[in-house]
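Below is one structure; the comments refer to it alone.
Within every chain, numbering begins at 1; the chains are lettered A, B, ... in the order of the sequence lines, protein sequences first and strands thereafter.
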Amino acid sequence: MAKDVWVSDVHDGTFDGQEIELKGWVHRTRGSNKIWFLVLRDSTGIVQCVIKRNDVGDECFENLKSALIEASVTITGKVNVDERAPGGHEMVVTGGQIIGAVNADNPFPITESAMEGAEGGETEFLLDNRHLYLRTNRMTTMLKIRSSVFGAIHSYFRDLDFIEYHAPNFVAGAVEGGSTLFEVPYFGRKAYLTQSWQLYAEAAMPALERLYTIAPSFRAEKSRTRRHLTEFWHAEMEIAWGGNADVMEHGESLVRNIASTLLDERSDELQSLGRDLDLVARYADTPYPRIRYDEAIETLQGMGVDIEWGQDLDYSKEKILTQDFDVPHFLTHYPRIAKPFYHRPDPDDPKYVLCHDLLAPEGYGEIIGGGERTWSEKEILERIDEEGTPRDAYEFYIDVRRYGGVPHGGFGLGVDRVCSWLAGADHIREVIPFPRDSRRVTP
RNA sequence: GCCGUGUUAGCUUAGCUGGUGGAGCGGCGGACUGUUAAUCCGCAGGUCGCAGGUUCAAACCCUGCACACGGCGCCA
């Protein structure tokens, strides 16, 4: 019963001249009442099936002709090499049946015209019918790329003997500013959905030393941009005995590794999306420069941008700064006053903290935020107090420093943003099957 | 939270200075023995987002509301 022959095998030439059975869905149909072309789709691609009335008989011909778009069918036939067929191979049908019909009263709603509106964004209709839109070529391609990105992240860390480690998704407090937490009822108390794995990872850092995860993070931001989701996939890592530069090295290697994995595994998919492979190759091969915050401010001021030292760099500034970048750039050493308490002040100049953001080119924005953690008990208490945050909310975090604190650090990478950037997507929603934003939780 | 744009058939849309809403795709029927988003002929399918108002007359003008999309702030 299980399927063992795929459309891709037909185009590979594996079954040339042989009679096989294919299982899949009707992609498109066309033809006359003597010869009918049924384009069959499965997860590996599409193949043209040629149905001739004289070959299969009236009953089978009429039956297969009645299969509407997205009906599921099994088709038996002989694999034929024919240059008239898209892809060079086709099935000369000897028989077949409809497994799951589509009723003419309610045809498949995702039509060519529905997808015309998808360029440069997605229509309300396509978002409402996301469960069906998943079957289209563009979405399938995005999901395959996404799978390779996730695989590349796991491989990168596992090859370096990192331990995959899991933090809870229900949490009691915030990592950063409390306004962006989703509150959930929790048996008469309040709990929140996690924004980051980091605090829990720091707790395990003395146990595992090298750890990573890929997990969802939740932020209740009413952001309406092509870079934001309320539920996004967060790849995070934490290392003991490492500083800002070590963490940055990992961030750069990981991102370059993801780009080269996509070139190996998904170059056809990238090309079908119109992505320039040379661009992706550059992201895989070229080192990512480091720029200090002060240099960035000077550069921006030199360009006539109205910005003062001490301000955080918002997207409008990032955009100007990155417009001339041809690879991602790290921005390091932000002013202490612009960053939360867990960033360690630079011992060489405590006005700054040992942190970094990785900014993607082409306007895709920040893809990594990370740095060295404030790791001594004395410093963490100072930093918490100077922020005016109550200490008791962070008792367990302080304990990590109280019992054998060591230098350590880590980063968080927005996996969906990386997918969006490397695939050249128009919107982050394009790379996740069921996107969640401030206005949509369905389907 | 702020700013902007939009809502007409299942979908994508046209609809001028207000005068009984058109097309393409999809569906149905028919023609065609090699189509490539097939083509050709025909048919069905509309409370013009909702509620008020102006007018002899509103898809069109006015007011309010709802929803959506885009951008900004915030961030991965």
Side-chain angles (χ1 to χ4, degrees), chain A residues 27-39 46 48-55 61 66 68-70 80 82-87 90 92 102-129 132-133 137 175-177 179-180 195-198 214-236 251 312-319 339-340 357-360 364-370 411-421 426-429 437-440:
Chain A
H27 179 63
R28 295 291 183 269
T29 61
R30 48 185 173 260
S32 67
N33 63 19
K34 300 279 173 46
I35 181 168
W36 192 249
F37 298 92
L38 184 161
V39 181
I46 59 175
Q48 168 168 293
C49 301
V50 187
I51 306 159
K52 293 178 182 169
R53 190 185 285 274
N54 289 343
D55 292 352
F61 187 87
S66 74
L68 299 188
I69 288 174
E70 287 305 316
N80 186 38
D82 192 314
E83 60 184 24
R84 289 172 295 184
E90 65 183 11
V92 179
V102 170
N103 193 314
D105 296 336
N106 198 14
F108 193 69
I110 313 295
T111 58
E112 297 287 346
S113 56
M115 288 186 294
E116 281 170 21
E119 296 196 24
E122 290 160 297
T123 62
E124 180 181 7
F125 178 78
L126 292 179
L127 290 165
D128 285 342
N129 288 280
L132 301 176
Y133 183 60
N137 183 253
V175 175
E176 31 206 292
S179 61
T180 61
Q195 293 180 301
S196 168
W197 162 94
Q198 180 193 327
I214 308 178
S217 283
F218 306 89
R219 303 222 173 141
E221 293 159 355
K222 288 189 177 172
S223 309
R224 298 195 46 73
T225 79
R226 54 187 64 194
R227 307 179 306 284
H228 283 86
L229 296 166
T230 52
E231 175 181 348
F232 68 97
W233 286 78
H234 211 172
E236 297 184 83
D312 208 351
L313 293 173
D314 60 43
Y315 181 69
S316 63
K317 312 289 189 306
E318 270 180 21
K319 205 166 160 183
K339 290 286 177 181
D357 287 349
L358 182 63
L359 307 181
Y364 285 92
E366 187 180 335
I367 52 175
I368 279 181
F411 66 75
L413 172 145
V415 185
D416 316 275
R417 280 192 186 173
V418 169
C419 293
S420 180
W421 162 54
D426 294 319
H427 198 294
I428 196 167
R429 277 196 304 244
D437 64 33
S438 62
R439 295 196 188 173
R440 181 176 288 279

Original post:
In Watson-Crick or G-U wobble terms, both distances under 3.5 Å, what is the partner of B:G21?
Top reply: none
Original post:
With no angle test and no hydrogens, is the base of B:C69 tied to the side chain of A:R226 by a donor-acceptor pair under 3.5 Å?
Top reply: no
Original post:
Base, sugar-phosphate alone, or nothing: which one does A:T29 contact when heavy atoms must sit under 4.0 Å apart?
Top reply: sugar-phosphate
Subject >> N/O (side chain, A:H27) to phosphate O (OP1/OP2, B:A37) under 4.0 Å >> reply: no
Original post:
To the nearest angstrom, how far is A:Y315 atom OH from B:G70 atom C1'?
Top reply: 13 Å
**OP:** For nucleotides B:G49 and B:G30, find the distance between their P atoms and express it as a whole number of Å.
**Re:** 37 Å
Original post:
Considering every strand shown, what is the Watson-Crick or G-U wobble mate of B:C60 when both distances are under 3.5 Å?
Top reply: none
**OP:** Send over the distance from A:R227 CZ to B:C74 C1', rounded to a whole Å.
**Re:** 10 Å
Original post:
When you measure from the side chain of A:S32 to the backbone N and O of A:K34, does any donor-acceptor pair fall under 3.5 Å?
Top reply: yes
Subject >> For B:G34, the Watson-Crick or wobble counterpart (both distances under 3.5 Å) >> reply: none
**OP:** For nucleotides B:C41 and B:G53, find the distance between their P atoms and express it as a whole number of Å.
**Re:** 47 Å
Subject >> Nucleotide of B:G27, B:A76, B:G34 approaching A:I35 most closely (side-chain heavy atoms) >> reply: B:G34
Original post:
With no hydrogens and no angle check, is any side-chain donor or acceptor of A:D416 less than 3.5 Å from a backbone partner on A:W233?
Top reply: yes
Original post:
Rounded to whole angstroms, how far apart are CG on A:D128 and C1' on B:U12?
Top reply: 16 Å
Original post:
Between B:C69, B:A76, B:C32, which nucleotide has the shortest distance from any of its atoms to the side chain of A:N33?
Top reply: B:C32
Original post:
Quick one: does A:F125's side chain get under 4.5 Å of A:I110's, heavy atoms only?
Top reply: yes
Original post:
If you measure from the Lys or Arg side-chain nitrogens to the Asp or Glu carboxylate oxygens, is any gap between A:R226 and A:D437 under 4.0 Å?
Top reply: no
Subject >> C1' gap between B:C43 and B:G26, integer Å >> reply: 14 Å
**OP:** May I ask you to decide if A:W197's main-chain N or O and A:E236's side chain share a donor-acceptor pair within less than 3.5 Å?
**Re:** yes
Original post:
Taking the same atom, P, in B:G64 and in B:C25, what whole-Å distance lies between them?
Top reply: 41 Å
Original post:
Are any non-hydrogen side-chain atoms of A:E124 and A:R440 less than 4.5 angstrom apart?
Top reply: yes
Subject >> G-U wobble or Watson-Crick pairing nucleotide for B:C43 (cut-off 3.5 Å, both distances) >> reply: B:G27
Subject >> A:P109 or A:K34, whichever maps to the more 5' nucleotide of RNA chain B >> reply: A:P109
Subject >> A:R224 side chain near B:G70 phosphate (N/O to OP1/OP2, under 4.0 Å) >> reply: yes
Subject >> B:U63 versus B:G6 - spacing of their P atoms, nearest Å >> reply: 15 Å
Subject >> Rounded P spacing from B:G1 to B:C11 in Å >> reply: 29 Å
Subject >> Spacing of A:D105 atom CG relative to B:G26 atom P, expressed in whole Å >> reply: 18 Å
Original post:
Which nucleotide, in any strand shown, forms a Watson-Crick or G-U wobble pair with B:U7, with both distances under 3.5 Å?
Top reply: B:A66
**OP:** Report yes if at least one side-chain N or O of A:S32 is closer than 4.0 Å to OP1 or OP2 of B:A31; otherwise report no.
**Re:** no
**OP:** Could you work out which one of B:G26, B:C75, B:A68 sits closest to the side chain of A:E318?
**Re:** B:C75
**OP:** Assess whether one donor atom and one acceptor atom, taken from the side chain of A:S223 and the base of B:C74, lie less than 3.5 Å apart.
**Re:** yes
Original post:
What is the distance, rounded to the nearest whole Å, between atom CZ of A:F125 and atom P of B:U12?
Top reply: 7 Å
Subject >> Between B:C75 (P) and A:H228 (NE2): distance, integer Å >> reply: 9 Å
Original post:
Do A:D314 and A:K317 sit within salt-bridge range, that is, some charged N less than 4.0 Å from a carboxylate O?
Top reply: yes
Original post:
Of A:D416 and A:R84, whose closest RNA chain B nucleotide lies nearer the 5' terminus?
Top reply: A:R84
**OP:** May I have the distance from A:F108 (atom CZ) to B:G26 (atom C1'), rounded to whole angstrom?
**Re:** 12 Å
Subject >> Whole angstrom value for the distance that separates P of B:U33 from CZ of A:F37 >> reply: 12 Å
Subject >> Euclidean distance for P, B:C65 against B:G4 (whole angstrom) >> reply: 14 Å
Subject >> P-based separation of B:U8 from B:A59 [nearest Å] >> reply: 15 Å
**OP:** Give the nucleotide from the list B:U12, B:U35, B:C67 with an atom nearest to the side chain of A:E124.
**Re:** B:C67
Subject >> Short side-chain N/O contact to B:G1 OP1/OP2 from A:K222, under 4.0 Å >> reply: yes
**OP:** State whether the side chain of A:R417 and the backbone N or O of A:R227 hold a donor-acceptor pair below 3.5 Å, judged by distance alone.
**Re:** yes
Original post:
Which nucleotide sits closest to the side chain of A:I428: B:C75, B:A76, B:A68?
Top reply: B:A76
Subject >> Pair partner, B:C2 [Watson-Crick or wobble, under 3.5 Å] >> reply: B:G71
**OP:** Please evaluate the base of B:G34 for a donor-acceptor partner in the side chain of A:E90 within a cut-off of under 3.5 Å?
**Re:** yes
